Amino acid sequence: MPEPETKDSSDKEKENAKQDEKDKDTAAGKKSPKGSAKSKPDSAKGKPDSAKGKPGSAKGKPDSAKGKSTPVKSPTPGKAPAKAGGKGGDKKKKEEPKIETPTDAEATEEEGLPEGVVPLFLSSKTQEIFHCRMDEDVTIENPIKIITKDEIMEDLRMRAGVCDFAPLKQDIINYPTDEILVVFDSEFKYGQNFYIALTEEAKEKILSAGVEDAEAEGGEAEEEIIYTYTPPESKEWVSLGSEKEIKEENVVENRRRIKVSVRRIRKEFGGPANFSDRNVADAKDGYIECKGYDDRTFDLKKLELDKSTQAIPTLQEEGTQTDWKYPRNANTQYYPREFSNQEKEAILSSKNLPNFISDVTPRFKAALQQNEIMDVFFIDWLHLGDGDQSFGSKADNHLKEYQSFTDLQFSKEKRITCIQWHPTIKGVVAVSVAEKMTFDDRIDSAAKVIMTPSLILIWSFTDPIHPQLLLEAPDDIYSFQFNPSDPNIIAGGCYNGQVVLWDISAHADRLKQQRGGNRNKKTNVLPGFEDPNALKTPIVRYCAVSSIENSHKSTITDLLWVPDHMEVNRMGVPQENKSLQNCQLMTCATDYCVLFWDTRPPKGPSQLLTKKTDDKGPKNPMGVPNTFKHLDLSWKPFLRVHLHKSEPGGDHSPTKFSISEKQGDRGSLNKATDGLDTSKSDAMGGGYYSSMKPGSGKEKRTLQSVKTHFYVGSEDGEVVFVDWMPQKDQDTGKIQTPKPDYYHAVHDGPVMSLQRSPFFNDVVLCVGGWTFTIWKEGINSGPILQSCSSPVRYTAGFWSPSRPAVFFIAKVDGSVDVWDILDKTHEPSLTQSVSPVQITTIFPFPVSQKQHLLAVGDNAGTLHILEIPWSLRQPTPNELATVSNYVEREVKRRSFVVQRWDFREHEKREIENELKKKAGIAPNVVLTDEEVEYRMKQEYHQFKEEEQSFLRELGLLKEEDEPLPET
């Protein structure tokens, strides 16, 4: 018992002594602050002892915390507690501070900042610059950071007053050495997160104190703390009932096992086993079906059953009735509040009124503008479905099957080669069909081909079973078109290269009849006098066919009526057509030519002119109108455009072409130049059919704004840009078609479609092979857009008539791709299967504003009519401007590509010249014409000598004996 009392008394005496020392030091520091500064060098000498003493006191806390793990502390020298209690112990403790000088750490805590040390706040930006980030670069264990003087001066120059070292700029400049000490103050002992040493003495004190503290801490930690291992003691196991749960979870067999006996004949032991498949229905017991059923003998005992119940309030119905009061009309009247004259004058003369008006005026004007721009009383919900009153819905985004046409006699097992909608009669569409034979097959079965009629079928939506008209042709038609100015005139191109003309004026009423009218039934026909041919589809024979000697030498692949406001003369000059009737044709075939045809008779007094009104008179025995009798079998083109190649090796074989002028666009007439004689402007009497005679060139004006250059797609996948106007050749002196301005072989198959955009006259869609391209007229380097190769070959393409960014492309697998270049250009926006066989041609047509149809012809002779959905026929807001901007961006991109090509070519040449110089090869020397001719002569003489020597070796050339000299 006496030992604990002595320990408690000694601890109390020790704490009292420490408190007395602190009181005396603080009193001494206040009385003589100068003396404390002088005693700092002495205290530096006693620093090691004080440093050792400080950790001992600081480590009292961790020792007490670690007492939980029962550490055994070894006694440290000089730290034994005083055994003598009472006043003797207090005197010894009080005498110790008198003998020893106070340590530097105690002076720092009690006297304030050491000399030469200044607290400093460093922001996070400054810490990143000098790599002294708190808790990362500097920590509590390693708080010291050395910064060079040059780095601080550089930061002062860069950030000036923003730098955290700006207040100490002069002290840093006066610092004697290059390395400045900065210490991390984690406990904010001096009020900031860092403090800096501005003298060498302060720097040495801080560094030496840190080293001694680390040594003292490490040594004492090793000596004082010793852990001892106490092994755990084993105790008896006390059961809490868990063994019962384990026993219940064990699986125990409660029923007898089923015994199965398998027997086999003794002689079959060890024999091979043969397995084979058989039908289960062949054998009686081929299979056994085990169905589920309710077993009434099933007696599973429920060991545990969970049930639950919930209390709910009883249902109670109650009702109440309010007191009814007699309804009556009530009204009230109020009078407006008016200001008196004095109040009005006071308000008008006040200073707040102008300020109020100036503040409110902008908002008032904005409200008025909003009322003008937008109707605030417009009810959107009532008008929500106004734009969607059509067959399709806005939600529909696929092509719908509207109708299909096929004739079992004339179009079955044939391919549709061309589709044309009637320009004026809605619901009438014409298709041309041809045999699915190659050229060799046609020769082998020539008799069959000759006996099979070649027809154009004109269908009407009023009768989807029988065609309205059949146009007979001398050979299969591969391209035809209605005359835009007179749809009763139809021109077509044959497989043998001839051009054919039809006149269906006599049957125009048949196409206009409503459903059921195609039988020509008349109610006033007497019984027994009915026309037996009334139910038959009339066959219309062609009026005229071109001379086979002057026609194309191969199949006509494209045909176009020249727009009605212009005509082309024999020299290819576009002139004004005062009759405003389409009277000229353009055709192309793979015989390297594009031909111009004129349906009017040639000039000459001997030509007998026939008027259209005479068609009602006598006709020839075949019932053919005399409209084009003057052209039959003598018709020949007046202009031939031969597509020469720029280099030897064959010519271009055109399959499609496209000119810049459009039907109905008569803006070029305003820029026409008057001819030589304008007084005879009225001599051109009445147009196409009145005289059917081409007017004099003096009476016509030249259309200067019409471009004579046009695009041509070739059989080799080339896109050619050529001028149809013939020019004089500089080499031969002949007048012939000039060579193309440029051509690019970008398609890997024949060009199947070449069409200009209905919204941008200078943008052309070209489809051929497995790719499609979009061209901009005036860009010679190549297309502005080229698709990647499709896994399926393309067969046709067509622009949308209502949306500038949409076009349709048909494929061999019977599907149609819908492309929207504003949506995505790497893949189609919609792909839909239309036919199980190859699609040959497509043609979209706007029947009305709310209904657009797409005609699709396939390789089986079936014409599919699809309805285009609302999303593909209704243009988006500002779509035209957006597509125009897209084309401009692609043009700029194309010009940049060309610049890069030139740059790379120039760079390549420079590299080659440098390599030649390094190799010692002289650069290429440009020879003059005389030098080139001299070299060619030398090569020719060398060739002749080699030829003669070769002939001598073969014995074909005998050497002549030299004559003997005469004597």
Side-chain angles (χ1 to χ4, degrees), residues 645-647 652 656-660 707 709-714 716-723 738-749 751 753-790 794 797 799-800 803-807 809 817-829 875-915 924:
K645 273 194 175 180
S646 303
E647 65 277 350
H652 299 287
K656 299 290 179 180
F657 65 90
S658 176
I659 63 175
S660 60
K707 298 178 182 178
H709 285 75
F710 67 108
Y711 279 98
V712 178
S714 72
D716 299 328
E718 301 164 333
V719 177
V720 187
F721 193 68
V722 68
D723 189 359
K739 293 183 178 180
D741 293 5
Y742 63 88
Y743 70 92
H744 297 278
V746 293
H747 295 281
D748 44 11
V751 174
S753 296
L754 189 69
Q755 188 203 6
R756 292 180 183 265
S757 171
F759 301 92
F760 303 97
N761 197 31
D762 54 352
V763 176
V764 183
L765 171 66
C766 183
V767 179
W770 284 262
T771 59
F772 71 86
T773 53
I774 296 179
W775 301 76
K776 177 76 164 58
E777 190 170 350
I779 306 301
N780 306 340
S781 60
I784 60 174
L785 176 63
Q786 182 174 4
S787 70
C788 58
S789 296
S790 171
Y794 295 146
W799 285 101
S800 171
R803 288 197 58 185
V806 175
F807 54 90
I809 290 182
D817 287 347
V818 182
W819 289 77
D820 187 352
I821 58 177
L822 295 184
D823 183 16
K824 41 191 171 183
T825 56
H826 64 283
E827 63 179 1
S829 300
T876 59
N878 301 325
E879 182 173 349
L880 187 65
T882 307
V883 175
S884 178
N885 295 335
Y886 172 79
V887 173
E888 291 178 1
R889 290 198 305 271
E890 292 299 318
V891 169
K892 293 179 181 178
R893 181 192 64 81
R894 193 70 198 178
S895 61
F896 172 75
V897 171
V898 173
Q899 292 177 1
R900 296 300 299 174
W901 284 350
D902 298 339
F903 175 76
R904 292 300 180 190
E905 187 67 23
H906 181 68
E907 186 180 23
K908 183 179 178 181
R909 290 177 183 175
E910 289 182 350
I911 293 173
E912 290 178 355
N913 293 334
E914 290 179 359
L915 294 175
N924 296 331

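What you see is a predicted model; the values in this text were computed from it and never measured.
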Mind running side-chain contact (heavy atoms from CB on, under 4.5 Å) on Glu777 and Arg756 for me, showing each step along the way? CA-CA 10 Å; Glu777 190 170 350; Arg756 292 180 183 265; 2.9 Å; yes

Determine whether a donor-acceptor pair (N or O, by modelled atom type, separation under 3.5 Å) exists between the side chain of Gln755 and the backbone of Trp799. yes

With sequence neighbours left out, the residues meeting side-chain hydrogen bond (donor to acceptor under 3.5 Å, both in side chains) with Tyr886 are none

Nearest-0.5 Å distance, CZ of residue Phe807 to OG of residue Ser757: 10.5 Å

Is the distance between the ring centroids of Phe721 and Trp775 under 6.0 Å? no

Scanning both residues in full, the closest heavy-atom pair of Ser781 with His744 reads O-CE1, 3.4 Å

Check whether any side-chain heavy atom of Asn780 sits under 4.5 Å from a side-chain heavy atom of Asp741, and report yes or no. no

Does the Arg893 side chain pair with the main chain of Ile784, one donor and one acceptor, at a distance under 3.5 Å? yes

When every non-hydrogen atom of Pro738 is compared with those of Val722, the smallest separation belongs to O-CG2, 3.8 Å

Check whether any side-chain N or O of Asp817 sits under 3.5 Å from a backbone N or O of Ile809 as a donor-acceptor pair, and report yes or no. no

So how far is it from Ser787 OG to Trp819 CH2, rounded to the nearest 0.5 Å? 5.5 Å

If you count the non-hydrogen atoms of other residues, nucleotides and ligands that lie under 6.0 Å from NZ in Lys645, is the total more than 12? yes

Are more than 12 heavy atoms from other residues, nucleotides or ligands located less than 6.0 Å from atom CG of Asn878? no

Here the pair of heavy atoms bringing Gly797 nearest to Val767 is CA-CG2, 3.9 Å

To the closest 0.5 Å, what do you measure between CZ (Arg803) and OG1 (Thr876)? 5.5 Å

Any donor-acceptor N/O pair, Asp748 side chain to Trp770 backbone, under 3.5 Å: yes

Pair Val751-Cys766, side-chain contact (heavy atoms from CB on, under 4.5 Å): steps then yes or no: CA-CA 7 Å; Val751 174; Cys766 183; 3.6 Å; yes

Answer yes or no: is there a side-chain heavy-atom contact under 4.5 Å between Thr771 and Ser789? yes

Test log, rule side-chain contact (heavy atoms from CB on, under 4.5 Å), inputs Lys776 and Val763: CA-CA 5 Å; Lys776 177 76 164 58; Val763 176; 4.1 Å; yes

Hey, could you give me the CD/CD1 distance between Glu890 and Ile779, rounded to the nearest 0.5 Å? 11.0 Å

Can you tell me how far the OG atom of Ser714 sits from the CZ atom of Phe657, to the nearest 0.5 Å? 14.5 Å

Distance col, row Ser829:OG vs Leu822:CG, nearest 0.5 angstrom, shows 9.5 Å

Using a 4.5 Å cut-off on heavy atoms from C-beta on, say whether the side chain of Leu880 contacts that of Phe760. yes

Lys/Arg N to Asp/Glu carboxylate O, Arg904 vs Glu907, below 4.0 Å: yes

Where the side chain of Ser658 meets the backbone of Tyr711, is there a donor-acceptor pair that is under 3.5 Å apart? no

Just wondering, more than 12 heavy atoms not from Lys908 lying within 6.0 Å of its NZ? no

Which atom of Pro758 lies closest to which atom of Ser800, heavy atoms considered: CG-O, 3.6 Å

Take Val719 and His747 through the side-chain contact (heavy atoms from CB on, under 4.5 Å) test and state the conclusion after the steps. CA-CA 8 Å; Val719 177; His747 295 281; 4.2 Å; yes

Looking only at heavy atoms, what is the nearest atom pair of Asn761 and Ser660, with distance? ND2-O, 2.6 Å

